[in-house]
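Since the structure comes first, as structure tokens, the remarks are kept for the end.
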Amino acid sequence: MSPLTQIYLLNRPIDEDPEAIIQAHLAFLRAGARIISTSTYQCAFATFEDAGYSHSDAVLLMHKSVKLAAEARIRFVDETNGIKIEDIKIALSLGPFGATLQPAQEFDGFYPPPYGPQSYSPLGPNNNAFTDAEKNIRLRVFSNDIETWAHVDCIAFETMPLVREITAVRGAMTILQRELAPRGERFPWKPWWISAVWPEGRYPHGKVPGGERMSVKDVVAFIIGKGSGDVTHLAVDRTIAPDGLGINCTSMEHLADILKETDSAVAKIKNGKTKPWLAVYPNGGEKYDSISRTWIQARDPQAQRDDWAKGLASLIKESRGRGVWDGFIVGGCCKTGPEEIKSLSQYLAA
């Protein structure tokens, strides 16, 4: 399958089969989810253009993705007793620049200039350390439309593999805050979080080309603090910090250590604000084979699903006991579906 075909297939349901997206949202809501994310993770003008859509068509489809989530919310409320519209939140999902590339680079951060030092090369070596930060955002597509913006309850910047991209996101949200302020109540500010990705338990961004990786402490400092002294050229002290910090698209086998280090790093940051929220949505229990590019399914999927939900609920309860966070958003990323969320909801409620 060519990259063009892959991109087209990712965009096509919004355009040609919107009911499939609504039904996917409904399946998660019926399983117990109370936050649903829009199908905009890989939506960008470049990906739509590669799939044959015009700039104006891309804007309409991005708006449509948000409205499909809103339609699912209305249908769920109509079919459920005791659930109100305000009980269901819609998170605007915005993936990293790497999610729009072919091959996708959200797990490595090998970005072409000017967003990084080089494009990915199958011949290697590949580096993601760089000296300049660039802003690559799609925020105005959503924030400039009053109806679309009204449906959004929060914004999730997900799977960020580079601290300079985290810095760019914070800068973009700082600009957005200034743009929305004069518009008044019609364009209210939205809570937001930035989540990092930890393939094989390590953050992708190298401190220098070919050097050691950013630590959990470094990443936390760039998301909710003032950056790290190890990378002084990426100052974030003139930008606003998000309301929450996230860990997503990460294997459960590495989550316990990353979460414990994250809790410790957050506890040491004093920024004069209320405690941040934590968003945790790791991958399911299946293993990804990078050679065959396939997921290896367990012999007993039901037992695997139960172990995943029980293990994640236990880690969240441990983290809650440390008293670092103001609240938690808990769910699943790759290879998690409604059944996993149903089990997770039950264990969290126990």
Side-chain angles (χ1 to χ4, degrees), residues 35 106-107 109 156-163 166 192-207 212-231 236 241-271 273-288 304-336 340-341 343-350:
I35 300 177
E106 66 257 68
F107 303 135
F157 294 94
E158 307 180 286
T159 330
M160 295 290 160
L162 305 172
V163 296
I166 290 169
W192 58 294
W193 76 80
I194 298 175
S195 66
V197 60
W198 302 85
E200 304 302 321
R202 299 194 302 166
Y203 194 63
H205 196 161
K207 293 184 178 180
E212 66 176 307
R213 306 286 187 90
M214 297 285 178
S215 67
V216 172
K217 181 180 178 181
D218 292 327
V219 177
V220 168
F222 276 98
I223 294 179
I224 64 170
K226 296 184 178 181
S228 167
D230 294 328
V231 195
V236 294
D243 301 280
L245 179 155
I247 302 169
N248 82 293
C249 214
T250 297
S251 171
M252 277 290 293
E253 66 181 296
H254 304 296
L255 184 60
D257 290 339
I258 295 170
L259 184 53
K260 189 176 295 184
E261 290 184 59
T262 299
D263 287 356
S264 177
V266 171
K268 295 176 182 177
I269 292 178
K270 308 293 184 182
N271 57 14
K273 295 178 58 178
T274 58
K275 295 177 182 179
W277 279 66
L278 175 67
V280 180
Y281 40 122
N283 289 343
E286 295 184 21
K287 300 282 187 179
Y288 183 72
Q304 175 182 270
R305 183 180 301 122
D306 192 66
D307 288 345
W308 176 87
K310 185 177 181 180
L312 179 53
S314 177
L315 289 178
I316 294 302
K317 291 176 182 178
E318 288 179 17
S319 181
R320 183 182 292 124
R322 299 183 189 118
V324 175
W325 307 98
D326 191 46
F328 294 83
I329 297 170
V330 189
C333 202
C334 298
K335 307 307 287 185
T336 59
E340 282 80 7
I341 297 305
S343 295
L344 178 60
S345 298
Q346 294 169 347
Y347 278 112
L348 287 173

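Along the sequence shown, the residues carry numbers beginning at 1. This one's a predicted model, so the numbers in the text were calculated from it and none came from an experiment.
For the pair Trp193/Pro276, no side-chain contact is recorded, criterion being any heavy-atom separation below 4.5 Å from C-beta on.
Identified under the salt bridge (Lys or Arg N to Asp or Glu O under 4.0 Å) test for residues 323-334, with sequence neighbours left out: none. Within the structure, salt bridge (Lys or Arg N to Asp or Glu O under 4.0 Å) contacts touching residues 247-260 (residues at least two apart or in different chains) are Glu253-Lys287.
The shortest heavy-atom contact between Gly201 and His254 is N-CD2, 3.4 Å. Between Ser195 and Asn248 the shortest heavy-atom distance is OG-OD1, 2.8 Å. When all heavy atoms of Ser319 and Asp263 are compared, the closest pair comes out as OG-OD2, 2.9 Å. The two residues Pro282 and Gly331 have their closest heavy-atom pair at CD-O, 3.5 Å. The two residues Ala309 and Glu340 come nearest to each other via the heavy atoms CB-O, 4.3 Å. When all heavy atoms are compared, the tightest approach of Cys249 to Thr159 is CB-CG2, 4.0 Å.
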Notebook entry, point to check: Going through the distances and angles, do Ile166 and Val219 end up as a side chain to side chain contact (heavy atoms under 4.5 Å, CB included)?
Noted result: CA-CA 9 Å; Ile166 290 169; Val219 177; 4.3 Å; yes
Notebook entry, point to check: What do the steps show when you test Leu255 against Leu315 for side chain to side chain contact (heavy atoms under 4.5 Å, CB included), and what is the final call?
Noted result: CA-CA 8 Å; Leu255 184 60; Leu315 289 178; 3.9 Å; yes
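Here CH2 of Trp277 is found 12.0 Å from CH2 of Trp325. Values are rounded to the nearest 0.5 Å. Rounded to the nearest 0.5 angstrom, Ile316 CD1 and Leu259 CG are separated by 6.0 Å. Separation of atoms CD1 (Ile329) and CG (Leu278) is listed at 8.5 Å; rounding is to 0.5 Å. Between atom OG of residue Ser264 and atom NZ of residue Lys217 there is a gap of 8.5 Å, rounded to the nearest 0.5 Å. Rounded to the nearest 0.5 Å, atoms CD1 (Ile223) and CG (Asp218) are 11.0 Å apart.
Although no hydrogens or angles enter the test, the distance criterion places no donor-acceptor pair under 3.5 Å between the side chain of Tyr281 and the main chain of Thr250. A distance-only check finds a donor-acceptor pair linking the side chain of Lys275 to the backbone of Gly323 [under 3.5 Å]. Judged by distance alone, the side chain of His205 and the main-chain N or O of Met214 form no donor-acceptor pair under 3.5 Å. Of the possible donor and acceptor atoms, one in the side chain of Thr336 sits under 3.5 Å from a partner among the backbone N and O of Cys333.
At most 12 non-hydrogen atoms from other residues, nucleotides or ligands lie less than 6.0 angstrom from CZ of Arg202.
Classified by interplanar angle (parallel below 30°, tilted 30° to 60°, perpendicular above 60°), the ring pair Tyr203/Trp198 is tilted.
With sequence neighbours excluded, the residues that form a side chain to side chain contact (heavy atoms under 4.5 Å, CB included) with Ser345 are Ile341.
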